[in-house]
There are 2 protein chains.
Amino acid sequence: MNAAQEIKDKGLKVTTARVKVLDILQPDGLALSHMELEPMLGKIDRITLYRILNDFEEVGLVHKVIDIDGVTRFALCKHNCTTHHHNDNHLHFNCTACHKMYCMDNLPVTAVNLPKGFKATGQSTIIYGLCSGCN
Amino acid sequence: MNAAQEIKDKGLKVTTARVKVLDILQPDGLALSHMELEPMLGKIDRITLYRILNDFEEVGLVHKVIDIDGVTRFALCKHNCTTHHHNDNHLHFNCTACHKMYCMDNLPVTAVNLPKGFKATGQSTIIYGLCSGCN
DNA sequence: TTGTTTATGCAACAGAGTTGCAAATGTAAG
DNA sequence: CTTACATTTGCAACTCTGTTGCATAAACAA
């Protein structure tokens, strides 16, 4: 599906900036940081980028992951996420050499047995090590 | 063991600031943020606190966790961690109501089957939901 | 094409974290 | 218990990340 249609389907206005951001996030399954996205976008204001990513997250187009260095990253949602309901329980792999963050959409997430009184609503797992490119 | 001895054993100088920080981290199994630690420490400079926590992490006295809001938190290492070798593969529970971060030292971490070429050296899992106090 | 709504860019700000340097403190030796 | 050296602390200044308010520009429905 093309980016403009996806944006429209989520009830957002189709702007050149939004289409550009979504197009960049399409190809790879990588979670990108602001620092990485900004130079790829040309003359789009960094504040605008913050707002676009936040909007995209709210409507379920992208999800946010914080990598092992504390850097916030954004990746496309592959499953049918909707506003305020993300199916983002998948694993992420963070390469300690090249710092790339991979979405591991097809790996299963193991449920954990918590102590009495604790109730889990979700979990975020980041596996770190060397990716196939750096290994 | 008392804080001063632990600090000395790791090869660090025993200072009032370091003892104070370690004493505060002792009681609970909670991971505390800078914002939470600062007011508990009295007149210790915030830069000093950054340096103490970084030093403690390097020698294996504390470990760093980034919570689901992106806030960096520090907790005592319960296992025998050494310089640059943390056994910090345990789970963390982050309460979405009170924002407390618990170290779940005794829960097992499940190994994950990664795609070819990827080599894991560790993993960080944060389970979020309601803690026993808020549930 | 016009008018209204929404998005963008800019300025200014708040918070987290780092670095350099002078003063204060810890520690070991005399 | 005093001296001397090494390390730590506090301060100033800075970078990087992220947010808010407001005027202008762009989307889109009529």
Side-chain angles (χ1 to χ4, degrees), chain A residues 2-24 31-59 61-75 83 99 101, chain B residues 2-24 31-59 61-75 83 99 101:
Chain A
N2 78 84
Q5 191 57 46
E6 288 183 61
I7 292 166
K8 192 183 273 177
D9 287 352
K10 294 293 185 179
L12 296 177
K13 279 195 181 176
V14 178
T15 68
T16 48
R18 286 181 176 158
V19 171
K20 222 168 183 175
V21 172
L22 197 53
D23 274 334
I24 287 176
L32 302 177
S33 66
H34 263 264
M35 241 182 14
E36 288 163 355
L37 281 167
E38 266 185 67
M40 302 168 91
L41 286 166
K43 54 171 183 44
I44 290 177
D45 195 71
R46 74 188 186 92
I47 287 102
T48 302
L49 178 54
Y50 277 108
R51 289 194 268 229
I52 288 176
L53 290 171
N54 285 345
D55 292 345
F56 280 5
E57 200 200 1
E58 270 186 20
V59 299
L61 278 174
V62 303
H63 61 272
K64 194 192 280 194
V65 208
I66 295 164
D67 74 14
I68 51 170
D69 302 306
V71 178
T72 303
R73 293 174 171 277
F74 292 87
T83 309
H99 296 96
M101 171 81 96
Chain B
N2 79 83
Q5 191 57 47
E6 289 183 63
I7 292 166
K8 192 182 274 177
D9 287 351
K10 293 293 185 179
L12 295 177
K13 279 196 181 175
V14 179
T15 67
T16 48
R18 285 182 177 158
V19 171
K20 223 168 182 176
V21 171
L22 198 54
D23 274 334
I24 287 176
L32 301 177
S33 66
H34 264 263
M35 241 180 17
E36 289 163 355
L37 281 166
E38 267 185 66
M40 304 167 90
L41 287 166
K43 53 168 184 46
I44 290 177
D45 195 70
R46 72 187 187 92
I47 287 101
T48 302
L49 178 54
Y50 277 108
R51 288 194 269 228
I52 288 176
L53 290 170
N54 285 345
D55 292 345
F56 280 5
E57 201 202 1
E58 271 186 19
V59 299
L61 279 173
V62 304
H63 60 271
K64 193 192 280 194
V65 208
I66 295 163
D67 75 12
I68 51 170
D69 302 306
V71 178
T72 302
R73 294 176 171 277
F74 292 87
T83 309
H99 295 97
M101 170 80 96

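Everything quoted here is computed from the prediction, not taken from an experiment.
The distance from atom CG of B:Asp55 to atom P of D:dT7 is 12 Å, rounded to the nearest whole Å. Regarding A:Ile7, its CD1 atom lies at a distance of 12 Å from the P atom of D:dA27, rounded to whole Å. At whole-Å resolution of the value, CG in B:Asp45 and P in C:dA23 are 17 Å apart. Taking atom CD of residue B:Glu58 and atom P of nucleotide D:dT8, one finds them 11 Å apart after rounding to whole Å. Rounded to an integer number of Å, the gap from CZ of A:Phe74 to C1' of D:dG18 is 10 Å. Atom NZ of A:Lys20 is separated from atom P of C:dA7 by 18 Å (rounded to the nearest Å). Protein atom CG of B:Leu49 is 12 Å distant from nucleotide atom C1' of C:dA16, rounded to whole Å. The distance from atom OH of B:Tyr50 to atom C1' of C:dG15 is 8 Å, rounded to the nearest whole Å.
Pairing each heavy atom of A:Glu57 with each of A:His63, the nearest pair is CG-CA, 4.3 Å. When all heavy atoms of B:Ile66 and A:Asp69 are compared, the closest pair comes out as CD1-C, 4.1 Å. Pairing each heavy atom of B:His34 with each of B:Arg46, the nearest pair is CE1-O, 4.3 Å. The two residues A:Ala31 and A:Val65 come nearest to each other via the heavy atoms CB-CG2, 4.3 Å.
Residue A:Thr16 places no side-chain N or O under 4.0 Å from the OP1 or OP2 atom of D:dA26. The side chain of A:Arg18 contributes an N or O atom lying less than 4.0 Å from OP1 or OP2 of C:dA7. Residue B:Asn54 places none of its side-chain N or O atoms closer than 4.0 Å to OP1 or OP2 of C:dG17. Applying the 4.0 Å criterion to OP1 and OP2 of D:dT17, one finds that A:Arg46 has every side-chain N and O outside that range. Of the side-chain N and O atoms in B:Thr72, one or more sit less than 4.0 angstrom from OP1 or OP2 of C:dG17.
The shortest side-chain heavy-atom distance between B:Asp23 and B:Val19 falls under the 4.5 Å cut-off. Counting heavy atoms from C-beta on, the side chains of B:Lys64 and B:Thr72 come closer than 4.5 Å. Residues B:Glu6 and B:Leu61 are in side-chain contact: their nearest non-hydrogen atoms beyond the backbone lie under 4.5 Å apart. Residues A:Leu37 and A:Leu53 meet the side-chain proximity criterion, which asks for heavy atoms closer than 4.5 Å.
For A:Arg18 (side chain) and A:Lys13 (main-chain N/O), a donor-acceptor pair under 3.5 Å exists by modelled atom type. Remark: the backbone N or O of B:Asn2 is not paired with any side-chain donor or acceptor of B:Gln5 at under 3.5 angstrom.
Heavy-atom distances under 4.0 Å link DNA chain C to B:Met35 of residues 35-44 of chain B, given in residue order.
Under 3.5 Å, the side chain of B:Arg51 and the base of C:dG17 form no donor-acceptor pair of N or O atoms.
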With the criterion being N/O to N/O and under 3.5 Å, what pairs connect the protein with nucleotides 27-30 of chain C, and how long is each?
from: C:dT27; atom 1: OP1; to: B:Val14; atom 2: N; distance (Å): 2.9

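Remark on DNA chain D: of its neighbouring residues B:Ile52 and A:Gly70, the 5'-side contact belongs to B:Ile52, judged by nearest-heavy-atom nucleotide.
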